[in-house]
There are 2 protein chains.
Amino acid sequence: MEIEKIAQCLKALGDPKRLLLLNLILNGTQCNCEFSDSLNLQPNLISHHLRILKEAGLVNIERDPRDSRWIYYTINQSAYKELHEYLNNFLDPDRIQPRQPTCGPVNEVMSFAEKILPKAKQQI
Amino acid sequence: MEIEKIAQCLKALGDPKRLLLLNLILNGTQCNCEFSDSLNLQPNLISHHLRILKEAGLVNIERDPRDSRWIYYTINQSAYKELHEYLNNFLDPDRIQPRQPTCGPVNEVMSFAEKILPKAKQQI
DNA sequence: TATATAATTCAACAAACATTGAAGTATTAT
DNA sequence: ATAATACTTCAATGTTTGTTGAATTATATA
């Protein structure tokens, strides 16, 4: 998954209403009308936010075979799993490295240590 | 962590350049000048994006005690861990529920089953 | 004191975004 | 055929955002 795609997903999720919307879909809610009632938003605004989630690839769209006026949104499971795994790795706190100065005053001290006190530096 | 705060963090991360920036901080890089070199962006633009990450609470700012012209950005570990855990739960694919129709044509069938075939419905 | 350095802040702009109300599409019900 | 339903798309609005270049702050150096 490319970084632009990850950013697009995160941007799509970076809105409280869309987070609530996605949460409803996760819970099994699906119709625009239900979203509209739950979130107290106009149907066209729901459509707008759903499209952003869809364009990010997080949700699928499906029309009811009996009455195609009804549209059901579902989680795109593969994309969802991929995002989950990517973020779980990316945001892993174990990845946090201590500062590795390559410039600035601290680095000059390090350079000094490198020249004058090579063994002391190894202990730092 | 409130949903608005989560959304703010996700929004802050919803930009390729800020993802790269955060990745550099995670790896131990810190000075504006280094970010500027790595990402090929002007220092003031780096400042802009760093501020958005800071305002989301994801990074800390610290001035060099020897030469306070230099500013070091570091990961806000507690906020980072909290976000990691929250998203790991929120985006967990196991949370995905099957559709639970409460309206639409499918629901009418369910209502029919509820009235006429209560035992058959339990098998669905 | 004057100059250089590291980074931020300001002003300005076009592009993108959320929101609203109205119109449109496709389908079903009467 | 007409009306109702479920939802989308369009047009218009004000707001926010990313980007640029210039000005500014704060500190260190010559």
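Order of the sequence lines fixes the chain letters, A, B, ..., with proteins taken first and strands second; residue numbering starts at 1 for each chain.
Distance, B:Ile46 CD1 to C:dT9 P: 15 Å, rounded to whole Å. The distance between atom CG of B:Asp37 and atom P of C:dA7, rounded to the nearest whole Å, is 10 Å. Between the P atom of C:dA7 and the CD atom of B:Glu62 lies a distance of 13 Å, rounded to the nearest Å. Remark: C1' of D:dT17 and CG of B:Leu53 are 14 Å apart, rounded to the nearest angstrom. Residue A:Arg66 contributes atom CZ, which lies 12 Å from atom P of C:dT28 at whole-angstrom precision. The CG atom of B:Leu20 sits 14 Å away from the P atom of D:dG18 (whole-angstrom rounding).
Atom CD of B:Glu85 is surrounded by 12 or fewer heavy atoms from other residues, nucleotides or ligands within 6.0 Å.
Here the CZ atom belonging to A:Arg18 is positioned 12.0 Å from the CD1 atom belonging to B:Ile3, to the nearest 0.5 angstrom.
Checking each of A:Leu41, A:Ile46, A:Leu22 against A:Lys17 for a side-chain contact (heavy atoms from CB on, under 4.5 Å) leaves exactly one that passes, namely A:Leu41.
No side-chain donor from either of A:Thr74 and A:Asn76 sits under 3.5 Å from a side-chain acceptor of the other. Under 3.5 Å, the side chains of A:Arg95 and B:Asn23 contain a donor-acceptor pair of N or O atoms. For A:Tyr73 and A:Asn60, the side-chain atoms include no donor-acceptor pair closer than 3.5 Å.
Each side chain to side chain donor-acceptor pair (under 3.5 Å) pair with one or both residues in residues 6-16 of chain B, not counting sequence neighbours, appears once here: B:Lys5-B:Gln8.
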Please list, for nucleotides 4-7 of chain D, all pairs of protein and nucleotide N/O atoms separated by less than 3.5 Å.
unit_1	atom_1	unit_2	atom_2	d
D:dT5	O2	A:Arg69	NH1	3.2
D:dC7	OP1	A:Asn32	N	3.3
D:dC7	OP2	A:Cys33	N	3.0

Can you check each nucleotide of nucleotides 15-20 of chain C against protein heavy atoms at under 4.0 Å and return B for base, S for sugar-phosphate only, - for none, in 5' to 3' order? --SBBB
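Residues B:Val59 and B:Ile25 meet the side-chain proximity criterion, which asks for heavy atoms closer than 4.5 Å.
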